[in-house]
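Remarks on the structure that follows.
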Amino acid sequence: PALRVVGSGSSPSVKVPAIVAPVTPAPVAIAARTLSTTVAHTPDALEHHLAAWQDLIAHVAEPNPFFEPHALLPSWRQLPGADLQVVLVWAPNPLPGQPAILVGLFPIVREPRFKGLPLTAYATWTHLYAYLATPLVRADRASEAIEALFAWLRETDAAVFEWRTLGSDGPFRHALI
């Protein structure tokens with residue numbers, strides 16, 4: 001299926017070319033190495049990455065307190081109904097024997113319909129208590145982290161991806177466009 005990226009609210013729409021034939025996603029290269037993605041399906045699974053998450057926050061391109069551990073974990077545990085998963089994007093550590101570096105954290109919700117249409121949609125997660133859904137990406141790897149998210153999305157059943165309530169003119173949006 002084709003993947004379309006749209007925005008809502010005051011955020012502009014971003015459209016990417018549709019995939020017209022099955023394509024094997026290519027890894028995103030960083031200095032002859034590739035980024036990888038993992039998905040946390042529960043708050044407990046995400047909590048295992050607290051040290052890497054705190055390091056990401058210290059080097060983030062654009063802060064979002066709603067996606068920091070003190071806000072995201074309790075919200076995920078207490079707010080019902082969302083089919084939430086958190087996509088984590090990792091870069092290899094240039095130091096041998098050291099753990100990978102978290103370069104992107106994308107809380108994503110899956111919805112079976114998009115604006116009343118029978119299209120599976122994925123979107124950045126928002127809820128009543130969080131008015132900003134700008135994902136956390138490392139400042140020096142923002143574009144690559146976004147590309148890795150798109151590669152992950154192409155492997156899902158998503159027909160549409162919606163960026164909800166992004167900051168209008170921050171570093172994340174500049175990396176996106």
Side-chain angles (χ1 to χ4, degrees), residues 3 5 8 11 25 27-28 30 33-95 97-112 120-158 160-167 170-173 175-176:
L3 173 66
V5 178
S8 64
S11 298
V28 180
I30 293 182
R33 297 188 180 192
T34 59
L35 293 180
S36 61
T37 56
T38 58
V39 180
H41 294 281
T42 66
D44 292 336
L46 182 58
E47 204 164 21
H48 289 293
H49 304 290
L50 276 177
W53 194 355
Q54 292 293 353
D55 182 63
L56 172 62
I57 291 166
H59 299 95
V60 73
E62 186 171 342
N64 182 350
F66 301 109
F67 289 166
E68 292 184 13
H70 67 274
L72 180 59
L73 291 170
S75 298
W76 193 358
R77 287 185 173 111
Q78 299 301 318
L79 297 174
D83 184 6
L84 179 64
Q85 51 196 334
V86 177
V87 179
L88 303 168
V89 180
W90 302 92
N93 195 317
L95 301 173
Q98 296 299 311
I101 300 167
L102 183 61
V103 296
L105 185 136
F106 297 86
I108 303 292
V109 63
R110 181 186 181 278
E111 298 172 351
T120 302
Y122 285 61
T124 50
W125 187 48
T126 58
H127 55 79
L128 180 62
Y129 307 104
Y131 56 84
L132 182 64
T134 304
L136 301 180
V137 293
R138 198 171 174 93
D140 60 344
R141 298 283 193 249
S143 294
E144 294 93 342
I146 294 167
E147 289 175 24
L149 173 71
F150 285 143
W152 176 83
L153 281 166
R154 284 191 293 272
E155 296 176 8
T156 69
D157 61 342
V160 176
F161 182 75
E162 182 179 17
W163 294 106
R164 293 182 180 161
T165 61
L166 296 178
F172 181 85
R173 183 165 175 270
L176 181 61

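Note that the numbering runs from 1 along the sequence shown for the chain.
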Return the minimal non-hydrogen interatomic distance between [X] and [Y], and the atom names on each side.
{"X": "L35", "Y": "A145", "result": "CD1-N, 4.0 Å"}
{"X": "L153", "Y": "T156", "result": "O-OG1, 2.6 Å"}
{"X": "A133", "Y": "T126", "result": "CB-CG2, 3.3 Å"}
{"X": "V137", "Y": "A142", "result": "CG2-CB, 3.7 Å"}
{"X": "I101", "Y": "P92", "result": "CD1-O, 4.4 Å"}
{"X": "P65", "Y": "A71", "result": "O-CB, 3.4 Å"}

For the residue pair D44 and R77, establish whether any side-chain heavy-atom pair is separated by less than 4.5 Å.
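Yes, side chains in contact.
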
Apply side chain to side chain contact (heavy atoms under 4.5 Å, CB included) to the pair W90 and H49, showing each step before the final yes or no.
CA-CA 11 Å; W90 302 92; H49 304 290; 3.6 Å; yes

List the residues meeting side-chain contact (heavy atoms from CB on, under 4.5 Å) with [X], not counting sequence neighbours, and say none if there are none.
{"X": "T120", "value": "R110, Y122, D157"}
{"X": "L50", "value": "E47, W53, P69, L73"}
{"X": "D140", "value": "R138"}
{"X": "V109", "value": "A82, E111, A123, W125, R164"}

Partners meeting salt bridge (Lys or Arg N to Asp or Glu O under 4.0 Å) with D83 (sequence neighbours left out):
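By the salt bridge (Lys or Arg N to Asp or Glu O under 4.0 Å) rule, D83 matches no residue at all.
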
From N64, L136, L46, residue fulfilling side chain to side chain contact (heavy atoms under 4.5 Å, CB included) relative to L72
L46

Out of L102, L56, V103, which one pairs with L88 under the side chain to side chain contact (heavy atoms under 4.5 Å, CB included) rule?
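Going through L102, L56, V103 one by one, the side chain to side chain contact (heavy atoms under 4.5 Å, CB included) with L88 is satisfied by L102 alone.
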
Among pairs that include at least one residue of residues 62-88, which meet ring-ring contact (aromatic ring centres under 6.0 Å, His included), considering only residues two or more places apart or in two chains?
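Those involving residues 62-88 are F66-Y131.
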
Check the orientation of W163 and F150. Use parallel for under 30°, tilted for 30 to 60°, and perpendicular for over 60°.
perpendicular

